[in-house]
Number of protein chains: 2
Amino acid sequence: MKESRGSRRQRNAPTISDVARHAGVSPMTVSRVINAESNVRAETRRRVQEAIATLHYAPSAAARTLAGGEEFRLGVLHTNSSLFYFSEFLVGCLDQGSRQNCTMVIEKCEEGTELAAIEHLLRGRVDGVLLPPPLGDSATALEALRARDVPVVAVSTGRAPEWALSVSIDDRKAAYEMTRHLGALGHRRIGFITGAANQTASAERLAGYRDALADMALAADEELVAEGWFTYRSGLDAAEQLLELAEAPSAVFAANDDMAAATVAIAHRRGLDVPGDLTVVGFDDSALATTIWPELTTIRQPVSAMARTAVDLLAREIRARKTSDAGLDHPHLLADYQLVRRQSDAAPRRRPNAAPRRVQAGAV
Amino acid sequence: MKESRGSRRQRNAPTISDVARHAGVSPMTVSRVINAESNVRAETRRRVQEAIATLHYAPSAAARTLAGGEEFRLGVLHTNSSLFYFSEFLVGCLDQGSRQNCTMVIEKCEEGTELAAIEHLLRGRVDGVLLPPPLGDSATALEALRARDVPVVAVSTGRAPEWALSVSIDDRKAAYEMTRHLGALGHRRIGFITGAANQTASAERLAGYRDALADMALAADEELVAEGWFTYRSGLDAAEQLLELAEAPSAVFAANDDMAAATVAIAHRRGLDVPGDLTVVGFDDSALATTIWPELTTIRQPVSAMARTAVDLLAREIRARKTSDAGLDHPHLLADYQLVRRQSDAAPRRRPNAAPRRVQAGAV
DNA sequence: CTGAAAGCGCTTACAG
DNA sequence: CTGAAAGCGCTTACAG
């Protein structure tokens, strides 16, 4: 029943050698793949990653520390970000952190207490700091961190400071695509609900919407743009405002899913069918997008993958600084987004003129 | 600036060999002293301890785990649980896991693929398995795990199998309290939307609702109970059904927040104000509860704390089995829940008779 | 781009 | 009661 006699093997976990054997390479190569070192052939890397996946391999933190001795502490500063976003973000951080032997130190701050929170984090000796929204746009936080010369990654900001690291999607391009999608469906009056003014991603998304309108030669009335600040509450008011317009839009593009969900609620309150009478699309693909009905067509932002990348980037930067190498090659990373089509969009009921495009079977 | 040539030594900390040399014994003897083993002569022990003190020696945790080897792998099997629940659950698992040197292996299954998923997990050599809802109630999964003699913790089930470990809240008592709360507000006709029939927590919550109705001597018409299965979609239908009743309820208690949110949506669609015209309360306190408007009064289930406890429990069990100690003392833990009052409940518009109770300032 | 060797600091399993 | 040997799972430093 027990182990064979001599074996010291206590745990059942697969080791780096198991993976190596499985992939037909040396342990050293596996080590390189785990640590995301660049000098491994793509094909080899793929084989190793496959072996890792099928074996459910996870490196032993103990062995890594003992052997390499590299062990970072990364701070995550956050403040009332959407719970949807933040939990996905955290899962990514924790996951990558355990892979790279980074301990994550979570610190929450309120509006105005950023400085104290940063102070606390630094006293706890973190080697770098992650800034999920909206902190990546906070001048206060950014300044303070820069003054202390601490490596920083801003995640999901529209425009990251030059000196910091960042991981984002191309918000402008994504919003552009979504708006074009709406146009292709046959919509001529497309409303937009903006995000919070203090986040650079908001401006990017708005710009993308405007670019598309211009390219499609559609009306860009100012009244078609309603101000929101990313919360469900603000979406309620903004949607109300848009639907009360003399010439109401046939489609509303909200800068995030919370506000899109609010728009659906307002439409329902007014007896409008979505998407029959009104098309509503969001942005982020948060859990909310697939919880409500109809499920939201939206832009998928791969939050946890971005978080993983952010941790990786930060660890590299810290390492680079230690060896006083030059800085990183690509400090500003762009992650892939995706337009995911679900049940909340359709061609407008009465298409003005325009040739009929792909008309979708009405949902609900 | 760099290390001296040959040395791999990164830290400056004294090692067990330094102590041994200093005390004039072998490292093995030092190890014995550190671990308080009995078979060391008093005089030898004294010398070692002195060396430890003067060198400020502290054993390396990493080396000990590596050599001694307590490091578990815990599997998390999940299947379309609410994203809200699952991400909070995962955060708790990961956090506690890193504290206790447990690696979490996540495996997703679909309806019908439980067995294959378990097979895969075991091939991945996990030492124990966590079962978040609805898997803690899956006979298939439970049987398979039991047959393989793998330690299991079921989380958030209404009734865990005797042989397994479990962490839950008292669903029945919580539902009872919520229903009493509604009664205290002055509601006389209280509707209930059930959870999925295949989850034991659903029956518990329903039972709690009925207990309270009985204790308050309120009508327990069968028509007041509508069937849901925890999804927003099902909540939409159930709420519709309840509000179409000839004698509609003045309050609806949904067995989770998703369905409560759906009920709010239906109420709005019918021009009803919440909580002015209809009180709606939920269960779980998921992120959704504070996203929509009005924010939901609900039962807070401390999911991530429960996950932490579950990991801890499982680790103890695995350890106990290894040393073939007796099983754990308290294999079935009850976590504390909390009724959190927000904006979705109020006294009914026209209280039938009943003395007026604490009337709340109407929200929105 | 890939691998063989040595070693991180400790403990288990044996042998005296 | 004490010690010499081997090995935990990984990484660094070299070598090709």
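Atoms considered below: every heavy atom in the structure, side chains included; atoms not considered: hydrogens, waters and symmetry mates. Numbered from 1 within each chain, the chains take letters A, B, ... in sequence-line order.
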Quiz item: Are the side chains of V129(B) and L131(B) in touch, meaning some heavy atoms are under 4.5 Å apart?
Solution: yes
Quiz item: To the nearest Å, how far apart are L66(B) CG and dG7(C) P?
Solution: 17 Å
Quiz prompt | Short side-chain N/O contact to dC8(C) OP1/OP2 from T65(A), under 4.0 Å | solution = no
Exercise. Check the distance between dG3(C)'s P and M28(A)'s CE and give it to me in whole angstrom.
Key: 10 Å
Self-check item: Atom pair distance, as rounded to whole Å: CZ in R64(B) and P in dG7(D)
Solution: 22 Å
Quiz item: Thinking salt bridges, do R46(B) and E43(B) make one under a 4.0 Å N-O criterion?
Solution: yes
Practice problem: Give a yes/no answer on whether the side chain of N39(A) brings an N or O atom under 4.0 Å of OP1 or OP2 in dT2(C). | Solution: no
Practice problem: May I have the distance from R46(A) (atom CZ) to dC1(C) (atom P), rounded to whole angstrom? | Solution: 16 Å
Quiz item: Is dG3(D) paired to anything, Watson-Crick or G-U wobble with both distances less than 3.5 Å, and if yes, which nucleotide?
Solution: dC14(C)
Self-check item: Residue R32(B), side-chain heavy atoms: nucleotide from dC14(C), dC1(C), dG7(D) that is nearest
Solution: dC14(C)
Self-check item: Euclidean distance, atom CD of residue E43(A) to atom C1' of dT2(C) [Å, nearest integer]
Solution: 15 Å
Self-check item: Pair R148(A) + E119(A): basic N to acidic O under 4.0 Å
Solution: yes
Exercise. Could you tell me whether the phosphate oxygens of dG9(D), OP1 or OP2, come under 4.0 Å of any side-chain nitrogen or oxygen in T15(A)?
Key: no
Quiz item: Quick one: I16(B) CD1 to dA5(D) P, roughly how many Å, whole number?
Solution: 17 Å
Exercise. Could you check whether P59(A) gets within reach of a base, just the sugar-phosphate, or nothing at all, counting any heavy atom under 4.0 Å?
Key: sugar-phosphate
Quiz item: Starting at CZ of R45(A) and ending at P of dC1(C), how long is that distance when rounded to a whole Å?
Solution: 9 Å
Self-check item: Salt bridge flag under 4.0 Å for residues E107(A) and R73(A)
Solution: no
Quiz prompt | Distance below 4.0 Å between T29(A) side-chain N/O and dG3(C) OP1 or OP2 | solution = yes
Practice problem: Kindly compute the distance separating SG (C109(A)) from NE2 (H78(A)), expressed to the nearest 0.5 Å. | Solution: 8.0 Å
Quiz item: Is any side-chain N or O of S31(B) closer than 4.0 Å to OP1 or OP2 of dT11(C)?
Solution: yes
Quiz item: Taking OP1 and OP2 of dA4(D), is either one under 4.0 Å from a side-chain nitrogen or oxygen of S26(B)?
Solution: no
Quiz item: Starting at CG of N35(A) and ending at C1' of dC10(D), how long is that distance when rounded to a whole Å?
Solution: 10 Å
Quiz item: For DNA chain D, whose closest nucleotide is more 5', that of A63(B) or that of P27(B)?
Solution: P27(B)
Practice problem: Return the nearest nucleotide to the side chain of R41(B); candidates are dT2(D), dC10(D), dT2(C). | Solution: dT2(D)
